[in-house]
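Since the structure comes first, as structure tokens, the remarks are kept for the end.
Since the model is a prediction, treat every value here as computed from it, not as a measurement.
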Amino acid sequence: MKILSRRFYARNPKIVAIELLGKVIVRKVGNKKLSGMIVETEAYYGDKDPASRAYKGKKKYNSVMWDLPGKLFIYMVHGNWLLNIVAHGKDSVGVVLIRAIEPLDGIDEMMKNRKVKDIENLTNGPGKLTRAMGIDKRLNGFDVTKRNSEIVVVDSGFRPKSIANSYRIGVTKDLPEKLRFYLKGNRFVSK
DNA sequence: AGGAAGATCTACT
DNA sequence: GTAGATCTTCCTA
């Protein structure tokens, strides 16, 4: 179980979004371990991307986007916390939005957090997985490349067989490029 | 004060 | 499957 390094995130967000598929997010809460495999992501750029939180310039709440790659960027939309990881090269800004995961460890605990019966509905959306894992604003700016972080992303060795893409979901102004990526056929991809 | 925002839940046809 | 209410911050006036 290798923790992904800062170098992994210091690339074009589109590349990082694709390569994050199949990796595992591990969340530690006290002595409990919650984890899930990433099955759906979206890439966002900076000032050239009207759907990006960085589009209108640096603000207090989005300043972490200009910070080091590998940090968490968390913000609220429609009453849901959305989990992003900062990913960009030296002279640009970008993030990868985690849209869905496949639950692995701590499923009982996550069920409790979300009050749902069927596993399929547990983490198949960006706002759902954050609630299931107990992620909120407190974790904004967290570094996921450090061992012993409350959250890390590891390479389990899994290699996706087939990856599909589409336009991003829910955005009012998208770019003419398909920036959403997901594991084809996986039942935990959002609807 | 008012409204928009990478969404979700519920209650229907 | 779709339609509408509701979710909570942060921006703009």
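Atom CG of A:Leu97 and atom C1' of B:dA7 are 11 Å apart (whole Å). With rounding to whole Å, A:Leu122 atom CG is found 12 Å from B:dT8 atom P. Distance, A:Asp136 CG to C:dC7 P: 18 Å, rounded to whole Å. Atom CZ in A:Arg168 sits roughly 11 Å away from atom P in B:dA7 (whole-Å rounding).
A heavy atom closer than 4.0 Å to some atom of DNA chain C occurs in no member of residues 101-113 of chain A.
With sequence neighbours left out, the side chain to side chain donor-acceptor pair (under 3.5 Å) criterion links A:Tyr45 to A:Asn12. In this view, A:Arg159 and A:Asp155 satisfy the side chain to side chain donor-acceptor pair (under 3.5 Å) rule, not counting sequence neighbours. Partners of A:Asp118 by side chain to side chain donor-acceptor pair (under 3.5 Å), not counting sequence neighbours, listed by chain and number: A:Asn121. Among residues two or more places apart in sequence or in another chain, the side chain to side chain donor-acceptor pair (under 3.5 Å) test is passed with A:Arg7 by none.
Here A:Val95 lies in heavy-atom contact (under 4.0 Å) with a base.
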Let me check something: any side-chain donor-acceptor pairs from residues 100-112 of chain A under 3.5 Å, sequence neighbours excluded? List them with distances.
from     : atom 1 : to       : atom 2 : distance (Å)
A:Glu102 : OE1    : A:Asn186 : ND2    : 2.9
A:Asp105 : OD2    : A:Ser35  : OG     : 2.8

Under 3.5 Å, which donor-acceptor pairs link side chains of residues 72-86 of chain A to any protein atom two or more places apart or in another chain?
from    : atom 1 : to       : atom 2 : distance (Å)
A:Asn80 : OD1    : A:Arg131 : NH2    : 2.6
A:Asn80 : ND2    : A:Val77  : O      : 3.3
A:Asn80 : ND2    : A:His78  : O      : 3.0

Could you list the donor-acceptor pairs under 3.5 angstrom formed by side chains in residues 60-70 of chain A, with sequence neighbours left out?
from    : atom 1 : to      : atom 2 : distance (Å)
A:Asn62 : OD1    : A:Lys59 : N      : 2.6
A:Asn62 : ND2    : A:Arg53 : O      : 2.8
A:Asn62 : ND2    : A:Gly57 : O      : 3.1
A:Ser63 : OG     : A:Lys60 : O      : 3.2

Mind listing the N/O atom pairs, protein and nucleotides 9-13 of chain B, below 3.5 Å?
from  : atom 1 : to       : atom 2 : distance (Å)
B:dC9 : OP1    : A:Arg114 : NH1    : 2.7

N/O to N/O distances under 3.5 Å, protein versus nucleotides 8-13 of chain C:
from   : atom 1 : to       : atom 2 : distance (Å)
C:dC10 : OP1    : A:Lys137 : NZ     : 3.4

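With a 6.0 Å cutoff to the six-membered ring centre and a 45° limit on the axis angle, A:Arg11 counts as a cation-pi contact of A:Phe8.
By the 4.5 Å side-chain criterion applied to Ile, Leu, Val, Met, Phe, Trp and Tyr, A:Tyr55 is assigned to no cluster and stands alone.
For A:Arg138, the CZ atom sits in a loose shell: 12 or fewer heavy atoms of surrounding residues, nucleotides or ligands are nearer than 6.0 Å. No more than 12 heavy atoms of other residues, nucleotides or ligands sit less than 6.0 Å from atom NZ of A:Lys14.
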- Residue pair A:Arg168, A:Asp49: steps toward the salt bridge (Lys or Arg N to Asp or Glu O under 4.0 Å) verdict: CA-CA 12 Å; A:Arg168 293 178 294 191; A:Asp49 182 352; 2.8 Å; yes
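Only one option out of A:Val24, A:Val153, A:Val154 pairs with A:Leu4 in a side-chain contact (heavy atoms from CB on, under 4.5 Å); it is A:Val153.
Remark: DNA chain C forms stems of 3 or more consecutive Watson-Crick or G-U wobble pairs, all pair distances under 3.5 Å, at B:1-5 with C:8-12, B:7-12 with C:1-6.
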